[in-house]
Participant: 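Got a structure for you, written out below as structure tokens; questions coming shortly.
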Protein chains: 2
Amino acid sequence: MAAADELFYRQGFDHTSFADIAGAVKLSRGNFYYHFRTKDEILDAVIDRRLEATRAMLAGWAAEGASPVARIECFVRILIMNQIRIMAYGCPVGTLCQELAKLDHAARARAADVFALFRDWLTAEFEALGAGDEAGALALHVLGWSQGTAALANAFKDEVFVRREVDGMCAWLAAQARRLARARR
Amino acid sequence: MAAADELFYRQGFDHTSFADIAGAVKLSRGNFYYHFRTKDEILDAVIDRRLEATRAMLAGWAAEGASPVARIECFVRILIMNQIRIMAYGCPVGTLCQELAKLDHAARARAADVFALFRDWLTAEFEALGAGDEAGALALHVLGWSQGTAALANAFKDEVFVRREVDGMCAWLAAQARRLARARR
DNA sequence: GTCTATACCATGATAGAC
DNA sequence: GTCTATCATGGTATAGAC
């Protein structure tokens with residue numbers, strides 16, 4: 001499953017064959033079918049894996065960050081931490097969603113659930129900042145911003161751009177926090 | 001070429017077969033090979049087509065918009081104009097770049113040239129606004145913002161989100177124009 | 001220029017020996 | 001659980017008749 005996850009990320013789901021995955025874990029194709037009967041079955045398993053990994057990561061950030069702003073900054077910083085892989089292969093979440101959309105694949109909605117985890121987590125953090133009804137919109141804005149940054153990082157391989165957008169996101173976040181603090185008083 | 005362009009957009013390049021394209025224009029597969037000898041050849045033709053169409057569109061906006069802000073707003077509004085197709089298939093430019101990146105395809109750089117056309121056009125508009133050295137960064141920011149909006153529009157199929165981000169972009173643009181006008185004085 | 005026929009290969013998937 | 005052998009399908013690409 002880890003090998004399939006990595007190959008789906010690097011080569012795309014459709015372009016990755018059973019032979020690729022079996023070869024990566026040094027199994028014969030025949031044996032591979034003992035574990036996963038169809039390609040959709042291993043895709044489901046990979047998405048489950050990603051959902052679980054995402055939940056664990058978000059829980060980690062919740063424990064790590066002292067304030068909502070610090071926690072949201074953990075999210076923003078994955079663009080820097082995974083910069084090399086994002087420049088080569090894009091965002092794992094966004095690219096899978098987009099591919100499954102083009103394939104009109106049944107698992108499309110489940111792939112979008114990974115995005116939904118980030119969205120809901122960010123929404124909760126903005127609510128903790130006092131954003132109220134606005135929290136969902138702010139969460140989607142940050143999520144979209146990071147997606148756009150990943151897309152252009154992949155297209156142009158421009159490290160300076162990524163750094164600048166991340167700094168911009170942090171500055172925007174601080175400004176939002178100040179604005180919401182003022183509104184609270 | 002138009003049929004291939006549309007199919008590459010809707011189904012992805014890799015997932016579209018010669019039979020699909022030949023069938024769409026009611027040609028036999030054999031005959032199709034008379035016109036395009038390899039799949040890469042038709043991909044090159046499609047990218048050329050897109051480059052040309054993009055140049056024409058940008059030239060149209062240059063003529064249409066009375067001011068740099070009005071012209072950049074033309075760019076922002078394609079998210080609204082193409083909303084239905086973007087929600088179904090994503091941004092044509094971004095999704096092709098991402099797919100070719102995963103396929104590690106030789107045409108990857110040429111696909112990114114379409115992005116570069118938008119980037120350079122936006123840079124020139126921000127320069128006309130008086131942004132100077134900052135123009136390139138502002139151009140990439142707008143381009144990334146629209147890419148992120150397209151990515152989430154595709155994942156969540158949320159029309160309200162798209163409208164809100166477009167309004168946000170226009171407001172941001174107006175604020176930048178005011179800031180640059182003040183700095184000029 | 002257009003077609004049929006076909007070579008050739010990779011793929012998803014199965015059967016069955018060990 | 002692991003393997004080899006095999007099948008059916010569909011893909012890119014070519015040859016050659018008309």
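Below, chains carry the letters A, B, ... as their sequence lines are ordered, and counting in each starts from 1. Basis for what follows: all heavy atoms, side chains included, without hydrogens, waters or symmetry-related copies. Owing to the predicted nature of the structure, the values given are computational and were not obtained by experimental measurement.
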Participant: Applying side chain to side chain contact (heavy atoms under 4.5 Å, CB included), can you list everything that pairs with B/Ala131, at least two apart in sequence or on another chain?
Facilitator: B/Phe126, B/Glu134, B/Ala135, B/Leu138, B/Leu180

Participant: Can you list everything that forms a ring-ring contact (aromatic ring centres under 6.0 Å, His included) with A/Phe18? Sequence neighbours excluded, please.
Facilitator: A/Phe32, A/Tyr33

Participant: In residues 29-42 of chain B, which ones come under 4.0 Å of DNA chain C, going by heavy atoms?
Facilitator: B/Gly30, B/Asn31, B/Tyr34, B/His35

Participant: Could you give all pairs that pass the salt bridge (Lys or Arg N to Asp or Glu O under 4.0 Å) test and reach residues 122-131 of chain B, with sequence neighbours left out?
Facilitator: B/Arg71-B/Glu125

Participant: Can you give the first and last nucleotides of DNA chain D, 5' to 3', that have an atom under 4.0 Å from a heavy atom of chain B?
Facilitator: D/dG11 to D/dT14

Participant: Can A/Val76 and A/Ser146 be said to form a side-chain contact (heavy atoms from CB on, under 4.5 Å), step by step?
Facilitator: CA-CA 7 Å; A/Val76 170; A/Ser146 77; over 6 Å; no

Participant: Suppose we screen for salt bridge (charged side-chain N to carboxylate O under 4.0 Å, His left out). Which residues come up paired with A/Arg77, at least two apart in sequence or across chains?
Facilitator: none

Participant: List, one per line, each side-chain donor-acceptor pair under 3.5 Å for residues 148-156 of chain B, sequence neighbours excluded.
Facilitator:
from     : atom 1 : to       : atom 2 : distance (Å)
B/Thr149 : OG1    : B/Trp145 : O      : 2.8
B/Asn154 : ND2    : B/Ile86  : O      : 3.4
B/Asn154 : ND2    : B/Met87  : O      : 3.0
B/Asn154 : ND2    : B/Ala88  : O      : 3.4

Participant: Can you list the residues that meet the side chain to side chain contact (heavy atoms under 4.5 Å, CB included) rule with A/Ala3, with sequence neighbours excluded?
Facilitator: A/Ala24, A/Val25

Participant: Go through the structure and list residues passing ring-ring contact (aromatic ring centres under 6.0 Å, His included) with B/Phe8, not counting sequence neighbours.
Facilitator: B/Phe13

Participant: I need the residues from residues 9-16 of chain B with at least one non-hydrogen atom less than 4.0 Å from DNA chain D; give them sorted by number, or say none.
Facilitator: B/Thr16

Participant: Considering only residues two or more places apart or on different chains, which pairs with a residue in residues 48-91 of chain A satisfy ring-ring contact (aromatic ring centres under 6.0 Å, His included)?
Facilitator: A/Tyr9-A/Tyr89, A/Trp61-A/Trp121, A/Phe75-A/Phe118

Participant: May I have all residue pairs that pass salt bridge (Lys or Arg N to Asp or Glu O under 4.0 Å) and include part of residues 150-165 of chain B, sequence neighbours excluded?
Facilitator: none

Participant: Give one of base, sugar-phosphate or nothing for B/Ser28, where a contact means two heavy atoms less than 4.0 Å apart.
Facilitator: base

